[in-house]
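This report refers to the structure that appears directly beneath it.
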Amino acid sequence: MLRALSGDQPRWLVALILSLILLLSLTPSLRLMVEALSQLELGSESPLARVLRDGATWQAAYHSLYTSGLATLIALVLGALFACALSLTNVSGRQWLVFCFMLPMMIPPQVTALSWLQLFGPSSPLLNSLGIAPALGSSQPLYSAEGIALLMGIQHAPLVFLTLRSSLINMPAELIEAARINGASQRRVWLDVIFPLCRSGLVAAAAIAFVSALGNFGIPAMLGIPASYYVLPTLIYQHMAGFGQSMLSDVAVLSMLIGVLALIGVLVQQRFVRRAQYELLGHTGRAQAFVLDSRHRLLLQLLLWTVLALILVAPLIALIISSLVPALGVALDSDTFTLSAYVEMLTRQGSTARAFGNSLLLASGAALFLMCLSLPLGWMMSRMSVRARTSLNSLIEIPYALPGVVLAIACILLFAQPLPVIEVSLYGSLAIIFIAYLARFMSIALKPVQASAGQLDGSLEEAAQLAGAGPLRRLVQIVLPLVAPALFAGGLLVFLTAVNELTVSALLWSAGNETLGVLVFNLDEGGDSVLAAAISVVIVLMVVALMLLLSLMGRWLPQGVIPWRT
Amino acid sequence: MANLILDNVSKYFGDQPAVDRLNLAIEPGEFVALLGPSGCGKTTMLRMLAGFETITGGSIRLGGQLLAGEGVHLPPEQRRMGMVFQSYALWPHMSVAQNVGYPLKMQKLADSERKRRIGEALEAVQLTHLADRAPKELSGGQRQRVALARCLVTEPDVVLLDEPLANLDRHLRASMEEAFREFHRRTGATMIYVTHDQAEAMSLASRIAVMNAGRLEQWSTPQALYTFPRSEWVAGFIGQGGVAPVHGVSAGMELGEEALLKGLSCDVGAATPVLIRPQDVRVSERGIAVDVAESIYRGERYELKLRLASGAELMAYHHQPLQAGQRAAVQISRGWSLESAR
Ligand SMILES: Nc1ncnc2c1ncn2[C@@H]1O[C@H](COP(=O)(O)OP(=O)(O)OP(=O)(O)O)[C@@H](O)[C@H]1O
Ligand SMILES: [Mg+2]
C-alpha cells in the first residue's frame with residue numbers, strides 16, 4: 001500500500017522538491033570547500049597554508065575553544081539543575097519555570113549581550129539608579145573571555161536542559177526505588193543510578209551546547225570586539241571588513257575550520273543521543289522520583305526562581321531602565337524618565353523603520369516559503385523508506401547545524417558573481433539573506449510537519465484514494481487540514497528565529513538592507529545604546545508574545561514540537 | 001522475624017481515598033496476597049509499606065517498631081524490606097553480579113563476604129553462569145530471577161512483590177511461581193504479594209486480603225475465601241457460581257439441600273443472597289425447576305447457565321448439551337448465604 005502511494009506522487013513535484021533541497025543544503029557547503037581547498041598547488045602560498053600559518057588564526061581558535069568550553073560548563077550546571085528539578089521532583093509551577101528558562105535561548109544574542117552590559121559597569125543606568133555604580137573609568141567586567149562564556153552559557157543552557165530532560169523523563173522511577181529499598185540513601189541514588197544512567201545524555205548535551213557556543217557570533221561580537229578579543233566567527237567578521245585579493249579565500253578556510261570543529265561536535269552529540277535512547281530501551285518511564293516535603297519543595301522553588309531572577313529578570317530590568325533614560329550613565333528618576341528613545345524609534349524615518357520592515361519581510365517570507373515547502377516535503381518523507389528519510393533529514397540539517405558564519409560565507413562565495421544565464425547579481429541585496437534563511441531554517445519548519453505527518457494513519461489517505469482523489473487533491477484536502485497546526489507552528493518558529501537573526505545577516509547585509517539584528521548591533525557599536533535598548537525591549541516583547549502564542553497552540557500539536565511545553 | 005501490623009492505614013490523593021482504613025495483622029513468615037480489581041489500591045498499599053508513599057492516617061508497625069504514622073516516616077532504605085518490581089527494575093549499567101551485590105555494598109560488607117553471598121544468591125536462582133551478563137542480554141524470566149536474587153541476598157524481614165509475573169507468558173509463570181515458593185521456604189521471610197489474578201493468589205498465599213475500592217473486603221485463607229466468602233461482592237469476584245435470593249435465612253450460614261429447596265420456593269419474608277457453586281448443582285429428574293439459558297462447550301464438559309423462577313442465574317456443569325430454552329430440574333447440595341452488596 002505504502003509503495004503504491006509513494007509511486008502515485010507526481011514525479012515533477014518530487015523532482016522539484018528534491019532539487020530545491022539539494023540546491024539549498026548542499027551547494028553552499030560544497031562551494032565553501034572548493035574555495036577553501038583551492039590553489040593547493042601553490043604549496044605554502046595556498047590560502048589553506050597561509051591561514052594555518054597565521055598566528056591570529058590559532059589565537060582565535062584557542063579563544064573559541066576556551067570560551068565555548070567554559071560556556072559549556074556553565075550551561076551544563078544550569079541546564080542540569082533545571083532538568084533534574086523539573087523532571088525528577090514535584091516542584092510546582094513547572095510550566096512557568098520551563099517557559100522562563102527557555103526564554104534566554106529565544107532572545108537574540110546581541111540583545112542578551114546588550115542587556116547584560118546595562119547591568120554592569122560604571123555607566124549602568126540600573127546601578128546608577130540604585131546608587132551603587134562603580135567609579136567612572138573602572139572597566140566593564142563583561143568585556144572579557146569569561147564574560148563571553150557566562151552569557152553564552154546562559155543562552156545555551158536551555159539546549160542542555162532539553163537534551164538532559166528527555167533522558168531523565170525516560171528513566172523509570174522503579175530503578176531509583178529499587179536502589180532506595182536496597183539501602184541506598186538519596187545521595188547514593190544520585191551517584192549510583194541517576195548519574196550513570198544519564199551520562200550519555202550529559203555528553204550529548206555538552207556537545208550540542210559546545211557546538212552552539214562555537215557558532216555564536218552576537219555575544220563575542222558585542223563583548224569581545226571592544227576588548228580586541230577575537231574568536232573564530234568574529235575573526236571572520238573582522239577579515240570581511242578588510243578587502244584585498246585573497247580575503248574571500250582566507251575566510252573560506254577559517255569557515256571550514258569552524259565547520260570541521262562543529263561537525264565533530266554534532267557527530268559526538270548524535271552518537272550519544274542514540275546511545276542514551278538505547279540504554280533505557282524497554283522500560284516505561286515515569287517522572288517524579290523524589291517527592292519532596294513542602295519545606296524542601298519551597299526551598300528548591302526559591303532556588304530556581306532566584307537563578308531565573310539573576311540570569312533573566314535582572315538583565316531585562318537593566319535593559320528596560322536603559323531604554324527609559326536620556327543617555328547612558330544617567331540614573332533613572334522622575335526627572336530623567338523619558339520615552340524619547342521609543343518615540344525616536346517609532347517616528348524617525350530611515351534605518352530603524354527600514355530594518356523593522358526588512359526583518360519582518362524576510363522572516364515572514366521565509367516562514368511562508370518554508371511552510372509551502374514543508375507540506376509536500378513532510379508528506380513525501382512520511383512515505384519514504386527509513387534510510388532515505390534519514391539521509392534526507394541529515395542533508396536538511398547541515399545548514400542548520402553548521403555555525404551561521406559558515407553558511408553566510410558560503411552564500412557570499414556562491415553569489416559573489418552574477419547568476420549564470422540571467423546575469424542578475426544577488427550579492428548586496430535582500431535576496432541573498434533570504435536564500436540563506438531558507439537554507440538555514442528549513443529544518444525548523446520541517447520538523448513539526450514531519451512529526452505530525454508521521455502520526456497520520458495511512459488509511460485516511462487510502463480511503464480518499466479509493467474515493468477517487470488524486471495525490472494533489474489528497475495533499476490539500478486530507479493531509480493539509482490534519483497537519484495544519486504543525487505547519488503553522490513550524491512557520492511561527494521560523495518567523496521567531498529569523499526576525500531576530502544576526503549571525504547570517506551581519507555578514508550579508510549591505511546599506512539599505514539592514515536587519516533588526518544588525519541594527520541593534522550597529523547602534524550599540526555606534527554608541528547609541530539607549531536607542532538600541534529600546535529596540536531590544538520591543539524585540540523581547542515580540543519574542544515573548546510569539547512564544548505565548550505558540551504555547552496556546554500547543555494542545556493541537558504532537559508532543560515535542562514546542563520545546564518549552566511540558 | 002517480626003509481625004507486621006497495619007492499623008487503620010489510609011491514603012488520600014487529594015480528597016480521593018486510594019486506601020481506606022485498612023487493618024491487617026500479618027504473622028512472621030507468612031505468605032500474604034493482596035488481591036483486588038484494577039485500581040483498588042493494592043500498589044498504593046504496597047508502596048506505603050515500602051516507604052515510597054507517606055500514609056495519610058493510621059500506622060504501620062514491624063515487630064513493634066513504628067515504620068509510619070504518628071508523625072514518623074522511616075525512609076525506604078531503613079526498613080529492612082526487599083521489593084520485586086513488575087518491570088524488574090534492574091539497573092542497566094550494572095552486570096547481573098553487580099545488581100545482586102548492590103544491597104550488600106550499601107551495607108558496607110567486606111569484598112570476600114560480598115562475593116560469597118552473591119555466589120550463593122545466584123546459585124539459589126540458578127543463574128551462576130550468567131553473573132557477568134548485562135541485564136539487557138537476559139530473557140524476561142532470567143531478569144525476574146536476578147531481581148529475586150537481589151532481594152534474597154540481604155535476607156530482608158519482609159519482601160514486597162508487585163505483580164511480579166504480569167510481564168511473563170503463561171508457561172514461565174508456572175516456573176516462576178515455583179521459584180517464589182522456593183524463595184519463601186529458603187528465607188522464611190514475610191512475603192506480601194500484590195496481584196489481580198486470583199489463581200495466582202490462591203496457589204501461592206497462605207492468607208489473602210481481598211480489597212475493593214480501597215477497603216478490605218475479606219481477610220482469610222484461600223480455602224475459606226472460596227467456600228465462605230463474606231459478601232456478595234467477594235462471591236462474585238472469587239471463583240465461579242451464581243447468587244440466588246433465598247428466603248428465611250441469615251448471612252453466614254451454610255445451607256443444605258433441604259433448606260435450599262424450601263428457601264428457594266417460598267417467597268415470604270426478607271431474602272438473603274446465597275452463593276451456589278457450579279459443582280454443587282446437579283441436573284436431575286426432579287428438584288428445582290429451571291430454564292436453560294445457555295449451554296457452552298468447554299472441552300471436558302458443558303457449562304450450563306440456568307435461570308430460576310426468581311430470575312436469578314445459576315451455573316452448572318453437565319456431560320451433555322441441553323437446548324437453550326428447554327426446561328430442566330436441578331438438585332442443589334450446598335449454598336452459602338452472604339451479606340448483601342453495600
Ligand atoms: N500518585 C497518585 N496520584 C493520584 N492518584 C493516585 C496516585 N497513585 C494512585 N492513585 C489512585 O489511587 C487508586 C489506587 O491505585 P493503585 O495503583 O494502588 O491501584 P492498583 O490496585 O495497584 O491497580 P492495578 O491492579 O491496576 O495496578 C487509583 O484510583 C489511582 O488512580
Ligand atoms: Mg498496581
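Worth saying up front: this structure is predicted, and the values here are computed from it rather than measured. Letters go in sequence order (proteins before strands), and every chain restarts at 1.
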In the structure I gave you, are the side-chain heavy atoms of B:Tyr102 and A:Arg188 within less than 4.5 Å of one another anywhere? yes

Does B:Glu113 CD have over 12 foreign heavy atoms under 6.0 Å away? yes

Side chain to side chain contact (heavy atoms under 4.5 Å, CB included) partner of A:Asn182, chosen from B:Pro156, B:Pro103, B:Cys151: B:Pro103

Excluding sequence neighbours, so at least two apart, what forms side-chain contact (heavy atoms from CB on, under 4.5 Å) with A:Asn393? A:Met381, A:Arg389, A:Leu446, A:Gln450

Non-hydrogen atoms of B:Ser87 and A:Glu174 that approach each other most closely: OG-CG, 3.6 Å

Could you tell me which portion of A:Asp293 (side chain, backbone, both or neither) has an atom closer than 4.5 angstrom to a non-hydrogen atom of chain B? neither

A:Leu197 and B:His93: side-chain contact (heavy atoms from CB on, under 4.5 Å), yes or no, with the steps? CA-CA 7 Å; A:Leu197 285 180; B:His93 57 296; 3.5 Å; yes

Are there more than 12 heavy atoms of other residues, nucleotides or ligands under 6.0 Å from atom CZ of B:Arg185? yes

Taking atom CD of B:Glu123 as the centre, does the number of heavy atoms from other residues, nucleotides or ligands within less than 6.0 Å exceed 12? no

Would a 4.5 Å heavy-atom cut-off, applied to side chains only, mark B:Pro75 and A:Arg180 as touching? yes

Any idea which of B:Met81, B:Arg80, B:Gln78 has the most non-hydrogen atom pairs under 4.5 angstrom with chain A? B:Met81

Judged by atom type as modelled, is there a donor-acceptor pair below 3.5 Å linking the side chain of B:Trp91 to the main-chain atoms of A:Leu175? yes

Euclidean distance, B:Arg150 CZ relative to A:Ile181 CD1, rounded to 0.5 Å: 10.0 Å

How far apart are the closest heavy atoms of A:Asp192 and B:Met106, and which atoms are they? OD2-CE, 3.5 Å

More than 12 foreign heavy atoms under 6.0 Å from NE2 of B:His129: is that the case here? yes

